[in-house]
Amino acid sequence: AGAGKTKVLIDRLLHLLLVGTKPQRILCLTFTNAAAGEMANRLQRRLSIWATVDESVLINELENLTGQSPEPEKIMLARRLFTDILETPGGLRIMTIHAFCQSILRQFPIEAQLSPHFQVIDEQTAYQFLREAQSQILNESSCPEITSYLALLTSLMDETRFNQALEELLAQKAKVPKIDQLALYRQWLSETLAISLSEHKKAIEDEILTQ
């Protein structure tokens, strides 16, 4: 942050526009929506200044940007860029990488093996689906092992900590060791679920060894 990345990108974009590149042929990709919005705002603000500022000031800025003294045609182009951007259908394309990928998928959904009318869920909706699936599994599970481990976990923590433990488990599912690795399983329970080994070691060992 504060390193001047956005300014460098805008300067490069202005270079492209000043050499005659059409706005509709330019695509700018950023990592976040905030960065995309900031870049669009700064560009619009700068071009609006170019459209109205005194010619001497504009010439000085163009010289600093390009390293060359601008010809009259270049000065006229710089003043016209603000209007050109506004009149470009859809405006100048400044979007996140995720949004760009979604646009490609929408153009070729069949090739990507997707429904032509697919929708991308937001984080809140994804979290809601996850909780519904979690509740369904917990309420309908008939697996003795799952039932046994749930009984053990719920005896060691309250409801709030249990839900937190499940979320941490999902976040670290790739790190969970196999059941037969007893020492690693005890360590994982201690780190992930914040269970004291000295207090619960025997209960955990007994429960695992009986499976």
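Along the sequence shown, residues are numbered consecutively beginning with 1.
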For residues 10-20, which side-chain donor-acceptor pairs fall under 3.5 Å, sequence neighbours excluded?
| from | atom 1 | to | atom 2 | distance (Å) |
| --- | --- | --- | --- | --- |
| D11 | OD1 | R46 | NH1 | 2.7 |
| D11 | OD1 | R46 | NH2 | 3.3 |
| D11 | OD2 | K7 | NZ | 2.8 |
| H15 | NE2 | L65 | O | 2.8 |

Please identify each residue that fulfils side chain to side chain contact (heavy atoms under 4.5 Å, CB included) with [X], with sequence neighbours left out.
| X | answer |
| --- | --- |
| N64 | N60 |
| S48 | F82 |
| P72 | none |

Problem set entry | Interatomic distance, R42 atom CZ to L9 atom CG [nearest 0.5 angstrom] |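 That separation rounds to 10.0 Å.
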For this session: Rounded to the nearest 0.5 Å, what's the gap from OG1 on T88 to CD on Q24? Could you check?
Result: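 If we round to the nearest 0.5 Å, T88:OG1 and Q24:CD are 5.5 Å apart.
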Exercise. Under 6.0 Å from the CD atom of E111, do we count more than 12 heavy atoms belonging to anything else shown?
Worked result: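 More than 12 heavy atoms, drawn from other residues, nucleotides or ligands, come within 6.0 Å of this atom.
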For this session: Tell me, with the steps shown, if L81 and L77 meet side-chain contact (heavy atoms from CB on, under 4.5 Å).
Result: CA-CA 6 Å; L81 284 176; L77 173 59; 4.1 Å; yes
Kindly give the heavy-atom pair with the smallest separation between [X] and [Y], and that separation in Å.
| X | Y | result |
| --- | --- | --- |
| F100 | M95 | CA-SD, 3.5 Å |
| I26 | R93 | O-NE, 3.7 Å |
| S115 | P109 | O-CB, 4.0 Å |
| A112 | L105 | CB-CD2, 3.6 Å |

For this session: Mark yes or no for whether R106, through its side chain, and F118, through its backbone, hold a donor-acceptor pair below 3.5 Å.
Result: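 Side chain of R106 to backbone of F118: a pair is present.
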Acceptor/donor pairs from residues 27-35 side chains to any protein atom, 3.5 angstrom cut, sequence neighbours excluded:
| from | atom 1 | to | atom 2 | distance (Å) |
| --- | --- | --- | --- | --- |
| T30 | OG1 | T32 | O | 3.0 |
| T32 | OG1 | A35 | N | 3.0 |

Exercise. Hey, quick one: are V53 and L86 part of the same hydrophobic cluster, counting side-chain heavy atoms closer than 4.5 Å, chains of contacts allowed?
Worked result: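 Same cluster: V53 reaches L86 through Ile, Leu, Val, Met, Phe, Trp or Tyr contacts under 4.5 Å.
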Exercise. Is V120 reachable from I104 through a run of hydrophobic residues whose side-chain heavy atoms are each under 4.5 Å from the next?
Worked result: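 No, no single cluster joins them.
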Exercise. Going by the salt bridge (Lys or Arg N to Asp or Glu O under 4.0 Å) test, which pairs reach into residues 65-80, not counting sequence neighbours?
Worked result: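 Listed once each, the pairs are R80-D84.
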Exercise. Does the side chain of Q68 reach to within under 4.5 Å of the side chain of L62, using non-hydrogen atoms?
Worked result: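 No, every pair of side-chain atoms sits at 4.5 Å or beyond.
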Exercise. Is the shortest heavy-atom distance from the side chain of L47 to the side chain of L43 under 4.5 Å?
Worked result: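 Yes; the side chains approach each other to less than 4.5 Å.
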